[in-house]
Each structure stands twice: as C-alpha cells, then as structure tokens.
Amino acid sequence: MEGNLPQQKCRPASTAVAKDDLVIPIIDFSPFLNGTPAEKHAVAISITDAFKTSGFLYLKDHSIPPSVVSQVFGSSAHFFARPQDQKDSLRWMTPQSNRGYIATGQEKLTQPDEASGVETLRATIPDLKETMEIGRDDVDGSPNRWPDQIDDEGKDFKQIMKSFFDMCKILHMQVMRAIALGMNLPEHFFDEFVDAGDNNLRLLHYPSVSKHLFERNPGQVRAGEHSDYGSVTLLFQDCHGGLQVRSPKGTFVDVTPIADTIVVNAGDLLARWSNDTIKSTRHRVVEPPREAGDEPEHSSDSYPARYSIAYFCNPNRAKFIEALPGTYGEDIHRAKKYSGISAGDYLVQRLTATI
C-alpha cells in the first residue's frame, strides 16, 4: 500500500512552519534518547518551549522506523478498503470503551462550547472521514474490535497494530520525560501517570471527495476545528496535506507534511495540568492546499483520499490531574485555574460530546 503514500512529495526535513506568528519547529529527538545530560536538557527545553508557544512541533529521529510507519499505513488502507458491512460489524459502541469503527458522518469534532449544536453540525457539515479506534488490549469489559475473526488479513492487522501501539506508548513516555525536564520537574515525574498506556490509536481515512463539494459548501471540512483531549498526540501524516493549525492571529496555517517526522501537539488535559502554561491549539483538516508543483494532482475534479494515524496519549484513567508544581503560587503570581479531575472522567466527558 506504499503507493498510496507518495513520500517523495513530502517536504525535506529542513523546513518548518513560520507564519502569522505561528512557529512549529522541527526538533531532533535523538539527542534526548542517546545524548549527554546537557543535550537531553536542551531538547527538553526546545520541546517545552514549543508547547508553550504554538502547542505544536515536528519530531524527527524519534526511534520509530519509517518502514514500520509505512507498514501501518498500508494495513490501515487495506482495512478501510473492506466491505462496509465488515467494518460496521466492528462498530464503536461507547465513549467509556472508545474502541471500534466509526463511519463517515458519525462523528463531528467540536469544542466544548459548541457541543450543544453538534447534531446540527453533523447533519449540515459532517466530518468527511471514517476511523478505527484501538485502545489497550488488556482492559476487562472494553475489548478492541479486531477483524481477526474475519480473515487472515485481519489477524495480520491485529498484530501490526498491537506492535505499533506499544512503540508509540514508549515514545509517549519519552516525550513526557522531556516535558518534565523542560518544566523543571524530575525526569521521571510523569512515569507513574502514563505507564498504564491508557492511550488510543486512531486510524483515519478521508475518502476521495469532489472539489465541488467544498465550492458549494464553504463551511465543509474533512475534520472540524477542535483541540485534542489528552496529554499529547503523535500524528503521522501521509503527503496529501490538509492539516491546519489556528495561529495567534486567528488564521489557519498549513502544517505541511515533512518526511519521516511526527507532528506532536499538546492536548487539553496537558494544558489544564500545566495550569495553561502549555497551549492546546485548535486545528482542523480541510481540502489539500494548492501549491506550486501540485497541479497534476489537483487537475481532476476530486481530491485524493488522505490517510493519517493519530496516537492519542492520555494519563492513566484512574489518575487525578491537578495543577503541576511550579505552575501556580504567590511567587509567580499565578493562581490555580482548574479544580482537579480524574483523567478517565474528563476524557469520557469530551468523547460523549462528539459522538
């Protein structure tokens, strides 16, 4: 399925995003993983500074091999190519489990202040995507909805995704260690908060869509404006583009795919945890941008399908989240902005509002 992922069109990893006061840097993670204490600390400061300003960064040399990412994209594309009845047999059931297949139009991403109108938004400008949600595979009462009972390809899918889930879990813990150092906390401060791996792997397919749909409906998007719910998100993009981040000026800036990098962004729970010293920035997925050299791809009447993989990282569901040490107090003239909350309760509240 690598033919669906034209990596040769991705920009080289020497260019970052800098527009409308929004800067999304490219950060080399290898010195944090393998460097000296001074090198680790420098990377940690860079990551935390990015989260405090834009809330987004590109991470390169992150330890997950490109060949693994390509295999996961291929397996994801094969899954979404299955007959609709097979996918529907694995449908998502409850926000408490948050596992299974979500059909196109079923979900509408919004912000909490827009949740009361989600039914209207879903009916008029539905998100043009389908997803497969995968969580920890060892939670009683919340089984994953694997296609392994359908055929051998389903068995392969299960093994590929379980292995990738574990790789991302390890990377999540390393990123949280970098955040800890960057916020003047002990390196392993967050370990006890994230070691269970209560995370979600979301496979996304944005089907090919007519350009005329966007022309007829100016409010149409592939995924609505939203911020993520948890601590951080690891996003793997294909090269078609469409992800945009809201800038400090209120404009939306393209987060152009860069080969062999992961887009990492802070989520609402990490912002709350940091007493809003870290930003959870709104973003969306729209029609692909028209850029120089892209005319052959856009010469047809339709935009091509887009695939992405989001690994949503969360604190352990049972953990109680309240403002981190050093983010409030008389010495920095900053009060606690939020009451404490269970990580699991917070995530269920947010999921309930979107599906």
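These numbers were taken from a predicted model, which means no experiment stands behind them. Position 1 is the first residue of the sequence; numbering continues from there.
Under a hydrophobic-cluster definition in which Ile, Leu, Val, Met, Phe, Trp and Tyr are linked whenever side-chain heavy atoms come within less than 4.5 Å, directly or via other members, L203 and L234 are assigned to the same cluster. Hydrophobic clustering (side-chain heavy atoms under 4.5 Å, transitive across Ile, Leu, Val, Met, Phe, Trp, Tyr) keeps V23 apart from I27. The same ILVMFWY cluster, assembled from side-chain heavy atoms under 4.5 Å apart, contains both M173 and L269. When hydrophobic clusters are built by joining Ile, Leu, Val, Met, Phe, Trp and Tyr residues whose side-chain heavy atoms come closer than 4.5 Å, directly or via intermediates, V68 is grouped together with I160. Both F189 and I47 are assigned to one and the same hydrophobic cluster, defined by single-linkage of ILVMFWY side chains at heavy-atom distances under 4.5 Å.
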(message) Checking K337 against D276 for the salt bridge (charged side-chain N to carboxylate O under 4.0 Å, His left out) test, could you report, in this order, the C-alpha distance in whole Å, the side-chain angles of both residues, the deciding distance, and whether it holds?
(response) CA-CA 8 Å; K337 297 181 67 175; D276 282 344; 2.8 Å; yes

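A salt bridge does not link R145 with E133: every distance from a Lys NZ or Arg NE/NH1/NH2 to an Asp or Glu carboxylate oxygen is 4.0 Å or more. Taking the charged nitrogens against the carboxylate oxygens, K60 and D260 have no contact shorter than 4.0 Å, which rules out a salt bridge. Looking at K319 and E192, a side-chain N of the basic residue comes within less than 4.0 Å of a carboxylate O on the acidic one, giving a salt bridge. By the 4.0 Å N-to-carboxylate-O rule, D301 lies too far from K211 to be salt-bridged with it. Salt bridge E225/R282: present, at least one basic N to carboxylate O contact under 4.0 Å. At a threshold of 4.0 Å, the pair E130-K87 counts as salt-bridged, since one of the basic side-chain nitrogens sits closer than that to a carboxylate oxygen.
Side-chain atoms of D198 and N316 include no donor-acceptor pair closer than 3.5 Å.
At a threshold of 4.5 Å between non-hydrogen side-chain atoms, the residues Q237 and T261 do not count as touching. Between L347 and F312, every side-chain heavy-atom pair lies at or beyond the 4.5 Å cut-off. The side-chain heavy atoms of S63 and L33, taken from C-beta on, include a pair separated by under 4.5 Å.
The aromatic ring centroids of Y307 and F79 lie 6.0 Å or more from each other. Not less than 6.0 angstrom separates the ring centroid of F164 from the ring centroid of Y311. Annotation: F56 is in aromatic contact with H283 [ring centroid separation under 6.0 Å].
Sequence neighbours left out, the pairs with a member in residues 66-86 that pass salt bridge (Lys or Arg N to Asp or Glu O under 4.0 Å) are R82-D151.
The aromatic rings of F190 and F193 lie perpendicular to each other, with more than 60° between the two planes, well past the 30° mark.
Environment of NZ in K19: sparse, with no more than 12 heavy atoms of neighbouring residues, nucleotides or ligands closer than 6.0 Å.
For the side chain to side chain contact (heavy atoms under 4.5 Å, CB included) test with R202, the passing option among T233, I102, I134 is I102; the others fail.
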